[in-house]
Participant: 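The structure is given below, and queries will be raised subsequently.
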Amino acid sequence: MHFFNELLGYGGISCETLQASYKPPMEREETSAKKHAKRSGKRLWSHEEDLRLIRHIEAYGKGSWTTLPQKAGLNRNSKSCRLRWMNYLRPDIKHGNFSPEEDDLILRLHRLVENRWSLIAGRVPGRTDSQIKNFWNTRYRGKKHIYSSFITI
DNA sequence: AACACGTACAACCGCATTGGT
DNA sequence: GACCAATGCGGTTGTACGTGT
């Protein structure tokens with residue numbers, strides 16, 4: 001939890017907001033899985049990288065994503081930084097399980113607009129299109145017959 | 001305790017769209 | 001209108017972790 005205290009010195013983010021919304025990355029060891037990740041090119045964001053990104057945005061705002069990685073001292077591309085902020089680090093994002101109300105709302109909205117995740121996310125406060133897409137894919141993909149039987153509009 | 005398997009979700013990729021010149 | 005760069009979106013892949021055997 002020291003991580004949250006560390007961030008409090010960088011303005012604008014309350015302790016409550018951070019604690020509710022941020023899960024620091026796991027300490028990761030040099031496992032075979034990590035070696036494989038290196039080979040495949042997929043690299044999870046470290047605690048330090050998150051901190052750098054948050055500090056930079058708190059200090060200078062989002063500005064241009066293309067110049068942000070260099071200015072913030074991040075060895076990441078602009079798309080990666082944007083994605084990390086938009087889908088994970090933004091203080092207004094809710095983390096944790098979807099409530100039954102959210103679940104129901106997503107089901108209804110998906111029935112209306114199908115896979116327009118950003119549109120659905122716009123109607124579900126605190127949730128991102130990515131969160132909703134993941135939620136849907138893990139819970140309902142390939143199970144349309146199950147949910148369609150109990151949805152009511 | 002060790003392994004296999006399934007689930008959740010973070011990260012990436014490719015394409016589409018938007019905005020500036 | 002054409003071109004290019006930046007940004008946004010949805011699909012897919014890979015990792016971490018929980019659970020069952």
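To find a chain, count down the sequence lines: A is the first, B the second, and so on, and within it residues start at 1. The structure displayed is predicted, hence computed values, not measured ones. Note: hydrogens, waters and symmetry copies are ignored here, and every other heavy atom, side chains too, is used.
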Participant: With a 4.5 Å cut-off on side-chain heavy-atom distances among I, L, V, M, F, W and Y, is there a chain of contacts connecting Ile57(A) to Tyr60(A)?
Facilitator: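 In one cluster: no.
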Participant: Is it possible for you to check whether Arg52(A) lies under 6.0 Å from the centre of the six-membered ring of Trp45(A), through NZ or CZ, and within 45° of that ring's axis?
Facilitator: no
Participant: Hey, is the side chain of Ser130(A) poking within less than 4.0 Å of OP1 or OP2 on dC9(B), counting only N and O atoms?
Facilitator: no
Participant: Going by number, which of residues 67-79 of chain A have a non-hydrogen atom under 4.0 Å from DNA chain B?
Facilitator: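 Listed by number, they are Arg76(A), Lys79(A).
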Participant: Whole-Å distance between dT13(C) C1' and Leu44(A) CG?
Facilitator: 12 Å
Participant: Could you state the CZ-P distance from Phe98(A) to dC9(B), rounded to the nearest angstrom?
Facilitator: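 Distance, rounded to whole Å: 7 Å.
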Participant: May I have the distance from Trp65(A) (atom CH2) to dG19(B) (atom P), rounded to whole angstrom?
Facilitator: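 To the nearest whole Å, that distance equals 18 Å.
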Participant: State plainly whether one hydrophobic cluster holds both Trp65(A) and Leu74(A), where clusters connect Ile, Leu, Val, Met, Phe, Trp and Tyr through side-chain heavy atoms under 4.5 angstrom apart.
Facilitator: yes
Participant: In whole angstroms, how far is the P atom of dA8(B) from the OH atom of Tyr88(A)?
Facilitator: 16 Å
Participant: Tell me: CZ of Arg43(A) to P of dC13(B), nearest whole Å?
Facilitator: 12 Å
Participant: For a quick check under 3.5 Å, do Ser64(A) and Thr66(A) share a side-chain donor-acceptor pair by atom type?
Facilitator: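 Checked: Ser64(A)/Thr66(A) side chains pair up, N/O donor to acceptor below 3.5 Å.
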Participant: Quick one: Trp85(A) CH2 to dA11(B) P, roughly how many Å, whole number?
Facilitator: 15 Å
Participant: Relative to each other, are the rings of Tyr140(A) and Phe135(A) parallel, tilted or perpendicular (30° and 60° limits)?
Facilitator: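 Ring orientation of Tyr140(A) relative to Phe135(A): perpendicular.
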Participant: Does Leu53(A) reach the side chain of Arg76(A), with side-chain heavy atoms less than 4.5 Å apart?
Facilitator: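 No. Closest side-chain heavy atoms not under 4.5 Å.
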Participant: Does Trp117(A) put a side-chain nitrogen or oxygen below 4.0 Å from OP1 or OP2 of dG11(C)?
Facilitator: yes
Participant: Just N and O in the side chain of Thr66(A): are any of them under 4.0 Å from OP1 or OP2 of dA5(C)?
Facilitator: no
Participant: When the distance from NZ of Lys133(A) to C1' of dC9(B) is rounded to whole Å, what number comes out?
Facilitator: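 Interatomic distance, NZ of Lys133(A) to C1' of dC9(B): 11 Å.
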Participant: Does anything in residues 119-127 of chain A reach DNA chain C, meaning a heavy atom under 4.0 Å, and if so which residues?
Facilitator: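 Residues of residues 119-127 of chain A under 4.0 Å from DNA chain C: none.
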Participant: Give the nucleotide from the list dG11(C), dC12(B), dC9(C) with an atom nearest to the side chain of Ser118(A).
Facilitator: dC9(C)
Participant: Please evaluate the base of dA10(B) for a donor-acceptor partner in the side chain of Asn134(A) within a cut-off of under 3.5 Å?
Facilitator: yes
Participant: Under 3.5 Å, side chain of Asp103(A) to main-chain N/O of Ser99(A), donor-acceptor pair present?
Facilitator: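 Answer holds: no.
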Participant: Run the ring-ring contact (aromatic ring centres under 6.0 Å, His included) check on His56(A) and Trp85(A) step by step: do they pass?
Facilitator: CA-CA 11 Å; His56(A) 184 87; Trp85(A) 175 258; over 10 Å; no
Participant: So Asn137(A), base contact, sugar-phosphate only, or nothing? Heavy-atom distance under 4.0 Å.
Facilitator: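 Since a base atom lies under 4.0 Å of Asn137(A), the category is base.
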Participant: Starting from C1' on dA11(B), measure out to CG on Asp50(A) and report it in whole angstrom.
Facilitator: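 The distance from CG of Asp50(A) to C1' of dA11(B) comes to 12 Å, rounded to the nearest Å.
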Participant: Under the salt bridge (charged side-chain N to carboxylate O under 4.0 Å, His left out) test against Glu102(A), which residue among Arg139(A), Arg108(A), Lys94(A) passes?
Facilitator: Lys94(A)
